[in-house]
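Remember, it's a predicted structure, so these values are computed and weren't measured experimentally. Convention: sequence-line order gives letters A, B, ...; per-chain numbering from 1.
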Amino acid sequence: MQSILETFDELFREAFITIGYPGELGGVQESFRGIAPYQCNGAMRASGISKKRGTYVSPSDVASLVIKNLQNHPMIDKLEIGGPGFINIYPSVNSLRDRALELLFDKNLGIKQELPLSIIIDYGGANVAKPMHVGHLRSAVIGESIKRILRAQGHNVIGDVHMGDWGLQMGHLISELQIEQPNLPYFDENITSDFPDISPVNMDDLARLYPQASAAAKNDDDRMELSRTATAELQSGRLGYRALLEHFISVSVAALKVGYGKLGVEFDLWKGEACVDPLIPDMIKELKLKNITEEDNGALIIRVQEENEKLDIPPLMLLASSGAVLYHTTDMATLVDRKETNNPDLIIYVVDQRQALHFEQVFRAASKAGWFHPDQLIHVGFGTMNGKDGKPFKTREGGVLRLQDLLDIMNNSARKRLEESGIGIGFDYHERLEIARKVGLAALKFADLQNQRLTNYIFDPVRFTSFEGKTGPYLLYAVVRIKSILRKAVSANIVLEDQSIDLSHSSEQQLLIALDAFGKSVSIAGVKYSPHILCDHVYRVAQAFSRFYADCPILSEEIPKPLQSSRLSLAKLTLLQLEKALNILGIEAPERM
RNA sequence: GGGUCCGUAGCUCAACUGGAUAGAGCAGCCGCCUUCUAAGCGGCAGGUUGCAGGUUCGAGUCCUGCCGGGCCCGCCA
């Protein structure tokens, strides 16, 4: 199962070897300049090599030699030299036809299957007690897509939300709750069991308590001390506090499941930092035994700076001088946990790029401890979400935009657009709502995913809710048009034979060439952990399909049966690929819209 | 100060391993619904890739310096 691109790549590598140059010069790539579908650029470099050898051959002569070698190949229609020595490659229509049938019957739709690795992907970035807002969008959406890309390639991937539920933030919550409700049994040191099953707080309480405490502690050392003490007591195992933490976590998880569910994001594990707390004492013993820790100003650290290294990288901090554990510590303990329970080949962290240094420290320390090779630990960062002014996005009132509000904006906007178009008028109310939900969510996710990860992201509600051009809804539109044709074909008793595919029209050929690149796009997106590469591909396919749709009628009476059947198969193939690709991006399409 | 990411069309973004005339979408202009969904299709226009050097057949991409911006830099997570 090989794409046309890969086949040409092999052919040209062989050809370069045949005429005495390194095979790598024969790399073939897609050409997006409207000259030819594919091109090979190795002749210039080959010419350079010949010069060094003292037997100069001009680029165009190298290209001529290569062409001579590949003449009359059944997969090639035409080869020509362009510019200084570019080889333009035109595939034969037969090769496109063969490829179309192959794709139609490939259960992986052209996605190359890799040797399965066991992978944990840590994404979502959720915290206990903090409601989801726009800042949580990217990790969830990008992480989910990377998870699905890797699964599509055959890897075994476990997604872990890995909540922030440990450390000072919990101390803030506990102490703030104590100020509000001092008589709760959790705060009475004499009570050590039989705490109530019902949580004393709900999600709204938590969402209020945390910023309240954090603001109060900022300018008040005594208030901060209360939080620190509560943190330390929680971590040393005070039972009332532990019981309280359980409530905080379960209240938060319930809310998070709803939030992520609305985004179509699913986790296999709902672990958090608190889960690995019991592993910390033994881990510290182990690290001390391995002689990689040091005491420094009362704190326990691991130095991760290499000798003679210019980079000024601070040490990893295992224990604060107060004895409290920190973010570093729990991340290290999480690695111990993952090593023991899953022993994965790879751990991927989809976390804001601002934490790059943190992960560098943890990865180095884990490597020093001998747990993982540095190549096994990967930080997939992404840019921050800013407003139009380039600063972190704020609502008009200056606050953070809640995720639910964002979803509502998308939803309403999609519903309005649906009403304006008048198309959904025959659908019942619930179907219209469901379509609006899917359209809004597709717009949101595609807008997020199509950016290259690392660039900062400008959140512009106006642009997000426009459903024309390179947007999620454009892709859905292509999908539902195909579904509509297939439905009509069924009711007209047109049989889908999938026997032969014609491809005489250039729009049919262009569509097939676009479809052929799917496998490569998934591979590159997987290697680079970059869903935007797949977004680009899907958009190209949808574009090629729209052109085909406009140029090549299918159900019209005037179309001869064999051509009709062929075009129907091509439409079906496009649908299969679009649905798979959208699924990998985490985007759901309606049946009709 | 050190590190890191970035600077591409009016706006938002692409450009894989250094490849031809730097591509899309939006906004603007011109066409296309008696034919499978016009959330569509075709076309026009829009650029000194922040600046200056360097490497080479060839640079948005690699190197050096500068200008501008975001972010990070041991007891928050």
Can you tell me if A:Y327 touches the phosphate of B:A77, counting only side-chain N or O atoms and a distance under 4.0 Å to OP1 or OP2? no

Is the phosphate of B:U4, meaning OP1 or OP2, less than 4.0 Å from a side-chain N or O of A:R354? no

Closer to the 5' end of RNA chain B via nearest nucleotide, is it A:K470 or A:K130? A:K470

Just how far, in rounded Å, is P of B:C75 from CG of A:L300? 15 Å

Which part of the nucleic acid does A:E558 contact within heavy-atom distance under 4.0 Å: base, sugar-phosphate only, or nothing? nothing

Check this for me: does the side-chain of A:S321 come within 3.5 Å of the base of B:C75 through a donor and an acceptor? yes

Just to verify, what does A:Y327 make a ring-ring contact (aromatic ring centres under 6.0 Å, His included) with, not counting sequence neighbours? A:H358

Watson-Crick or G-U stems of RNA chain B, 3 or more pairs, under 3.5 Å, by first number: B:1-7 with B:67-73, B:10-13 with B:23-26, B:28-32 with B:40-44, B:50-54 with B:62-66

Using a 4.0 Å heavy-atom cut-off across all strands, classify A:E24 as base, sugar-phosphate, or nothing. nothing

Using the closest heavy atom to pick a nucleotide of RNA chain B for each, name whichever of A:G27 or A:L316 lands nearer the 5' end. A:G27

Categorize A:G83 for me: base, sugar-phosphate, or nothing, with a 4.0 angstrom heavy-atom threshold over every strand shown. base

Reckon A:K528 touches a base, only the sugar-phosphate, or nothing at all at heavy-atom distances under 4.0 Å? sugar-phosphate

If you take the centroid of each ring, where Trp contributes its six-membered ring, are A:F459 and A:F464 closer together than 6.0 Å? yes

Euclidean distance, atom CG of residue A:N41 to atom C1' of B:C16 [Å, nearest integer]: 12 Å

Does a nitrogen or oxygen in the side chain of A:Y474 sit under 4.0 Å from OP1 or OP2 of B:C41? yes

Select base, sugar-phosphate, or nothing to describe what A:R540 touches, counting heavy atoms under 4.0 Å on all strands. nothing

In whole angstroms, how far is the P atom of B:A27 from the CZ atom of A:F467? 14 Å

